[in-house]
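What you see below is based on every heavy atom in this structure, not just the backbone, and it leaves out hydrogens, waters and symmetry mates. This one's a predicted model, so the numbers in the text were calculated from it and none came from an experiment.
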Amino acid sequence: MKIFLTVFFITVTTSTFGQNNLKCILLDSKDSTAIQFAVVKLTDISRNTLTNHIGEFSFQLPDNLKELHFEISALGIRDTITYNPKYNGIEKIYAKKTQFNLKAVSVVGLSAKEIVLKAISLIPVNYTDSSFASFSFFRHYEKVNGKFKNLIEAQAVVMFKVSTSNNLFTTKNAFAIQQMRRSNFSYAITDLKYGRDGFSTLLEQEPVYNLASSSLAPVALYDYSMHFDTVNKSDDYIINYTCDAFSSDNHGIDNIAEARMLGECRESGTIVIDRNSFAFKKIERNAFRNKGFLYPKNNNWLRPSLNYYMNFIDGKLISEYTKVEGKWFLKRICREYTHEYYKGGSNSKEFTITEVNEWYADSVTHFITADLIGKFYSSVDLPSYSYSYNKNRWSQEAHPFYFFNKHDIYTDLEKKTTIEQQFLSNGK
């Protein structure tokens with residue numbers, strides 16, 4: 001689901017005049033090595049940023065600031081720095097690391113948080129920096145007031161267009177639908193149909209290639225409580241975490257940062273890391289709405305009709321990875337989240353809707369065949385996508401449903417007609 005909520009009654013005006021662009025690199029004062037993934041707070045303008053893989057960071061500053069005050073936070077670092085900027089290229093900022101006095105016979109292992117930060121720093125080593133295609137399977141369905149509906153399944157090729165900046169990855173995805181089938185489809189609330197693309201937004205939640213907005217964002221980890229899982233025995237590192245301050249789950253709202261919803265949710269999860277390579281093997285995120293949270297400026301109303309407003313309930317995301325020829329690739333990502341919808345005026349709850357999206361990779365390749373050229377699109381609106389249903393192309397058992405039981409889902413879907421008849425009639 002793309003934008004269905006927006007902030008309104010708010011006007012933000014910014015000026016581009018009278019500003020200086022400060023570019024810095026954060027270095028260890030002892031040996032001048034770069035300090036990566038450190039949180040840098042500029043107290044003079046109350047803004048935070050994060051150093052990149054080589055320790056660089058930047059701020060846009062008003063031209064009247066002659067003396068700057070930084071608060072630096074990283075592993076082994078808690079430093080306050082006063083600095084007079086020169087605005088002549090990349091300026092060097094030096095921070096002091098805390099010294100630990102250890103006995104010569106002591107053996108100190110990495111903490112749970114240090115393990116996660118090390119795994120983040122090794123993403124460029126463990127995951128491919130080359131674009132690739134994944135032959136895959138996608139599924140969407142919903143649970144509306146306790147009944148399942150709106151099933152969509154697609155066989156698709158997903159192109160992951162990988163780019164790097166300062167050794168950090170970003171991706172833009174493209175989609176080529178090969179086969180598809182869809183049950184009878186209807187919207188409980190008309191507003192929910194606008195910009196509805198669960199396929200692309202699901203993959204945008206993948207945490208490794210979307211690091212800055214995910215649960216793995218290094219700037220967020222300092223608010224996490226992390227500890228090793230001592231119950232489940234494994235050869236991997238299993239790390240449980242909690243965060244009471246916020247969650248990276250946007251539950252279908254792609255402008256959630258601008259919507260001022262900080263504090264709406266809290267988060268917990270589990271991270272599984274390969275002990276040898278420090279690659280992420282599985283990341284599980286659970287988000288829960290804080291009951292006392294009040295949505296500011298009426299920003300939880302559905303547009304354009306403004307007939308309903310929503311309350312987030314909870315959400316879950318699971319992403320898993322597998323190793324192929326020395327590199328780790330996304331194996332599957334599954335996500336579900338639930339909202340309650342209230343009628344404006346009466347304030348009565350009319351709908352509880354759980355949206356479920358699942359994606360499974362069958363194979364990956366760095367090459368695509370000629371027949372796929374020109375068939376990729378940046379997004380696909382599967383609820384209205386035209387297709388011809390070919391039952392023979394669905395002879396093999398599809399990937400099992402992840403969150404709910406297939407029998408229960410099909411029982412609700414087939415109240416009036418068989419699912420095969422629906423696939424056929426909707427695919428003419």
Side-chain angles (χ1 to χ4, degrees), residues 1-6 137-154 156 173 175 180-206 210 213-214 247-256 259 261 264-265 267 284-289 300-303 305 307-319 332-342 349-360 379-385 398-406 408-410 412-413:
M1 187 166 24
K2 274 290 192 183
I3 300 176
F4 69 90
L5 302 173
T6 58
F137 171 85
F138 172 77
R139 176 187 289 126
H140 164 94
Y141 60 97
E142 297 170 5
K143 190 177 185 181
V144 181
N145 291 344
K147 301 295 183 181
F148 294 102
K149 61 182 297 185
N150 296 344
L151 174 66
I152 300 174
E153 294 180 328
N173 303 325
F175 307 85
M180 184 177 151
R181 58 189 186 182
R182 182 173 59 226
S183 73
N184 295 336
F185 200 102
S186 63
Y187 296 101
I189 302 174
T190 304
D191 295 319
L192 297 179
K193 73 179 182 180
Y194 295 104
R196 197 174 181 83
D197 178 12
F199 200 164
S200 62
T201 54
L202 172 64
L203 292 179
E204 288 169 3
Q205 290 287 299
E206 188 281 317
N210 301 279
S213 60
S214 76
S247 172
S248 64
D249 192 336
N250 67 5
H251 45 92
I253 309 171
D254 67 354
N255 65 333
I256 196 166
M261 290 187 180
E264 179 200 34
C265 312
E267 181 172 312
E284 178 180 320
R285 180 189 70 193
N286 304 287
F288 309 91
R289 177 174 175 254
N300 59 332
W301 286 81
L302 272 65
R303 303 197 74 176
S305 73
N307 289 327
Y308 292 88
Y309 64 91
M310 73 87 188
N311 285 334
F312 173 65
I313 302 302
D314 55 33
K316 191 180 189 69
L317 176 78
I318 295 95
S319 53
R332 69 176 169 183
I333 181 168
C334 301
R335 183 190 190 195
E336 58 94 2
Y337 53 85
T338 302
H339 290 116
E340 292 177 340
Y341 295 91
Y342 294 80
K349 184 176 71 172
E350 295 199 1
F351 298 102
T352 300
I353 301 178
T354 299
E355 179 164 332
V356 183
N357 293 300
E358 307 171 2
W359 181 86
Y360 302 85
S379 64
V380 283
D381 183 20
L382 296 182
S384 61
Y385 192 87
H399 294 272
F401 287 77
Y402 189 87
F403 292 105
F404 297 98
N405 182 272
K406 178 181 178 180
D408 296 336
I409 296 169
Y410 271 48
D412 287 343
L413 292 173

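- Inspection of the Glu153 and His399 side chains reveals no N or O donor paired with an N or O acceptor under 3.5 Å.
- In this structure, a donor-acceptor pair under 3.5 Å is present between the side chains of Asp381 and Ser384.
- Relative ring orientation between Phe175 and Phe199 is described as tilted, the plane-to-plane angle lying within the 30° to 60° band.
- In this structure, a donor-acceptor pair under 3.5 Å is absent between the side chains of Ser183 and Lys149.
- Counted by atom type alone, Glu142 and Asn150 present one or more donor-acceptor pairs between their side chains at under 3.5 Å.
- Minimum heavy-atom separation, Arg335 to Leu202: CB-CD1, 3.6 Å.
- The ring-ring contact (aromatic ring centres under 6.0 Å, His included) test applied to Phe404 returns Phe148, not counting sequence neighbours.
- Between the CD1 atom of Ile333 and the CZ atom of Phe138 there is a distance of 11.0 Å, given to the nearest 0.5 Å.
- What you find for Arg139 and Pro400 is that their closest heavy atoms are NH1-O, 3.4 Å.
- In this structure, a donor-acceptor pair under 3.5 Å is present between the side chains of Glu350 and Tyr308.
- Checked against salt bridge (Lys or Arg N to Asp or Glu O under 4.0 Å), Arg332 has the following partners two or more places apart in sequence or in another chain: Glu320.
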Task: Step-by-step side chain to side chain contact (heavy atoms under 4.5 Å, CB included) determination, Tyr309 to Leu302 - done: CA-CA 6 Å; Tyr309 64 91; Leu302 272 65; 5.8 Å; no
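- Minimum heavy-atom separation, Glu336 to Thr354: OE1-CG2, 3.5 Å.
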